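For reference, the structure is listed below as structure tokens.
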Amino acid sequence: MHVGFVFLIVGFVIGSGNGSIGGFQYLADYFAGNPPLWLFVLFLIGFGMKAGLFPLHIWMPEAYSAAPSYVSGCLSGAMSKLGIYGILRVLTSVGPDLRTVGVILLAAGIVTALWGIAQAVLQNDLKKLLACFSIENIGIIVTAIGAGTLGLSAGNQLLALFGYGGALLHVVNHSLYKPLLFMGAGSVALAAGTRNLEQLGGLSCSMPVTTMLFLCGAIGICALPPFNGFISEFLIYSGFLQSAAAGSLIIWSVVGMAALALVGGIAVLVFCKAFGIGFLGIPRSPGAAAAKEVSSWMLAAQMLPLAGMLSIGLFPGAVVPVMLHIAGETFLSGESWRWIAAGAQPGSLWGISMSMALLITIVAGLAFWRSRVHKKQSVSRSPTWGCGFTEVHADMQYTGESFSEGFEHMRNSPSPARSYTKRRGQGVPHEELFARPHRFGVRHKDRVDSLISERWAYLVRKLNARLALFQTGKINHYILHALLFLALVFLITWIGWI
């Protein structure tokens, strides 16, 4: 955060043009007479570090997992969006030379989304998994901003309007379902005593309300109907599709759609793992077996963002025009964008609302019919057949690590030296027919974190160890240090260096 702050200070000093720290109001004058790229990159690094843009994202999984769950929800839902706000404010001042800026933003967004979702699929800590999903969502938002900027540079007002509007709506959507998911993870950690997926399971029986709320958040963040995430990504996809159909920025539109589709598919995989391993099956630890539903106040706190998610998902016609209007007034000129927004909204949004309502009605009708049928019949319960094993136990279930093992093999390079994964202990060999007790631990590391953070932290620790020689604990030594410093200042002043 301090490094990002330094970049912002340098950017504002350069942008003010008079050697002092100015504000956003000075940037338009600077960009009007100077090439915008380098100053924009300074701001992108500074605000991108606040937002969690690749490769400046390494603080997010550690900070979000260490904070209390409700604070993690605020960090993800609100604080990271201030970085997005800063990027948008700078964009309003850049001027007409936007093509290179748009390409940088689109590429940075796609890489951030792919990297974040690739990290999320390997995590077994529920809060770290959600933190990596925040990186992915920041990538989607920046991808949409890049699409809008490219549309603006090419005179494609449709792509610009839908890109910026989709980005703004996704900011709102992310601020709803991410606090819900973090509070759900906090409820699980409180009830089960752990947030490690390898030690959870069976929570759908003991925590049914938390399970349903977490499932709703997962559906929303995967951009599936009938929740709000579908609406913002629908806007972004619509911008890409209509731009490609019109023959404008075809390559960038296809690349953007392909990246969003890939990210969306992996997102479903991630939450199949999080929900299936964490909430379904049977408990894998005594803590999970003893879990009880959390208090009504904790559940009510999760229902508040759920209400907002449903409102946007079921009634997009009340929200989308507002976002398009804000995007048009802020980034576009003239009146043509109003006709584009008015012509693109009513039919499709009304159809989405009707489809969402129909989907909910069908699901509710099937659930009601099932409950009526079960009331008229006697239901017998018996253990699941275990292929000859007489007792069903947790060892028969998939774990979080085994669920994502195939994806890990695809992502890792053949060289063990470049592996993302650190293992402790020895696995069960193939020739061991009846497995003995084994202790086996897996830790997935972000390679960028290892390259940027760990190496410098190691050097700082070595430097601190050497400086610790002066920390003797004796007051006379500290007085001597102060006297030596004063003597050095006197000597430099006498020589005339200062």
Side-chain angles (χ1 to χ4, degrees), residues 64 68-78 80-81 126-127 129-131 133-134 136-137 140 168-191 195 203-204 206-234 264 267-268 270-272 274-276 278-280 291-320 322-323 352-353 355-368:
Y64 287 12
S69 297
Y70 57 91
V71 176
S72 300
C74 293
L75 289 173
S76 180
S80 61
K81 305 307 181 300
L126 193 53
K127 287 183 67 174
L129 182 148
L130 296 176
F133 237 96
S134 290
E136 179 257 359
N137 273 265
I140 292 176
L168 293 175
L169 183 56
H170 205 76
V171 166
V172 175
N173 289 339
H174 188 252
S175 67
L176 291 172
Y177 49 63
K178 211 49 184 290
L180 166 60
L181 290 169
F182 269 117
M183 287 188 286
S187 299
V188 169
L190 179 66
R195 56 178 192 251
L203 299 180
S204 59
S206 56
M207 304 177 68
V209 181
T210 299
T211 300
M212 290 305 301
L213 290 170
F214 192 90
L215 178 61
C216 290
I219 294 173
I221 201 171
C222 290
L224 298 174
F227 294 103
N228 56 342
F230 174 80
I231 305 300
S232 55
E233 293 205 20
F234 173 80
V268 175
V270 173
F271 273 97
C272 283
F275 185 78
F279 292 88
L280 303 182
K292 302 294 181 184
E293 189 61 89
V294 295
S295 68
S296 299
W297 288 106
M298 296 181 69
L299 296 175
Q302 298 172 56
M303 292 177 183
L304 286 175
L306 178 61
M309 292 168 56
L310 275 173
S311 299
I312 296 176
L314 294 177
F315 307 104
V319 181
V320 171
V322 176
M323 296 300 167
I352 290 173
S353 295
S355 301
M356 299 287 194
L358 180 62
L359 175 62
I360 292 176
T361 303
I362 292 174
V363 172
L366 289 173
F368 178 75

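From a predicted model like this one, the values you see are computed outputs, not experimental measurements. Residue numbers run from 1 in the order of the sequence given.
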Just do the side-chain contact (heavy atoms from CB on, under 4.5 Å) check on S204 and F214 with the steps written out, would you?
-> CA-CA 10 Å; S204 59; F214 192 90; over 6 Å; no
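- K292 is not listed as a side-chain neighbour of M207, based on a closest heavy-atom distance of 4.5 Å or more.
- Residue A274 comes nearest to L126 through the heavy atom pair CB-CD1, 4.2 Å, listed as atom of the first residue, atom of the second, then distance.
- When side chains are defined from C-beta on, H174 counts as touching S76, because their heavy atoms get closer than 4.5 Å.
- Here the side chain of S175 pairs a donor or acceptor atom with the backbone of V172 at under 3.5 angstrom.
- A donor-acceptor pair under 3.5 Å is formed between the side chain of K178 and the backbone N or O of L130.
- For F275 and F271, the ring centers are positioned 6.0 Å apart or more.
- Expressed to the nearest 0.5 Å, how far CG of L310 lies from CD1 of I360 amounts to 6.0 Å.
- With a 4.5 Å cut-off on side-chain heavy atoms, V209 and M303 count as touching.
- Summarising the geometry of P305 relative to L180, their closest heavy-atom pair is CG-CB, 3.9 Å, with the distance given to 0.1 Å.
- Rounded to the nearest 0.5 angstrom, L280 CG and L203 CG are separated by 9.0 Å.
- No donor-acceptor pair closer than 3.5 Å links the side chain of Q302 to the backbone N or O of L213.
- One distance of note links CE of M323 with CG of N173; it measures 8.0 Å at 0.5 Å rounding.
- Looking at N228, its side chain never comes within 3.5 Å of a backbone N or O of I312 through a donor-acceptor pair.
- Judged purely by atom type and a 3.5 angstrom limit, T361 uses its side chain to pair as donor or acceptor with the backbone of A357.
- At a threshold of 4.5 Å between non-hydrogen side-chain atoms, the residues V188 and F279 count as touching.
- In this structure, F182 has its ring center at least 6.0 angstrom away from the ring center of Y70.
- Interatomic distance, CG of L314 versus CE of M309, reported as 11.0 Å (0.5 Å rounding).
- Rounded to the nearest 0.5 Å, atoms CG (L215) and OG1 (T210) are 12.5 Å apart.
- Here the closest non-hydrogen pair linking G308 and L176 is C-CD1, 3.8 Å.
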Going through the distances and angles, do F133 and Y177 end up as a side-chain contact (heavy atoms from CB on, under 4.5 Å)?
-> CA-CA 11 Å; F133 237 96; Y177 49 63; over 6 Å; no
Step-by-step side-chain contact (heavy atoms from CB on, under 4.5 Å) determination, F230 to L224 = CA-CA 5 Å; F230 174 80; L224 298 174; over 6 Å; no
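- Looking only at side-chain heavy atoms (C-beta outward), S187 and M298 come within less than 4.5 Å of each other.
- The CG atom of N137 sits 7.5 Å away from the CD atom of E233 when rounded to the nearest 0.5 Å.
- A 4.5 Å side-chain heavy-atom check between K127 and S69 finds at least one atom pair inside the cut-off.
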From CA spacing to verdict: side-chain contact (heavy atoms from CB on, under 4.5 Å), M183, V294 | CA-CA 11 Å; M183 287 188 286; V294 295; over 6 Å; no
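- Between S206 and A291, the closest heavy-atom pair is CB-O, 3.1 Å.
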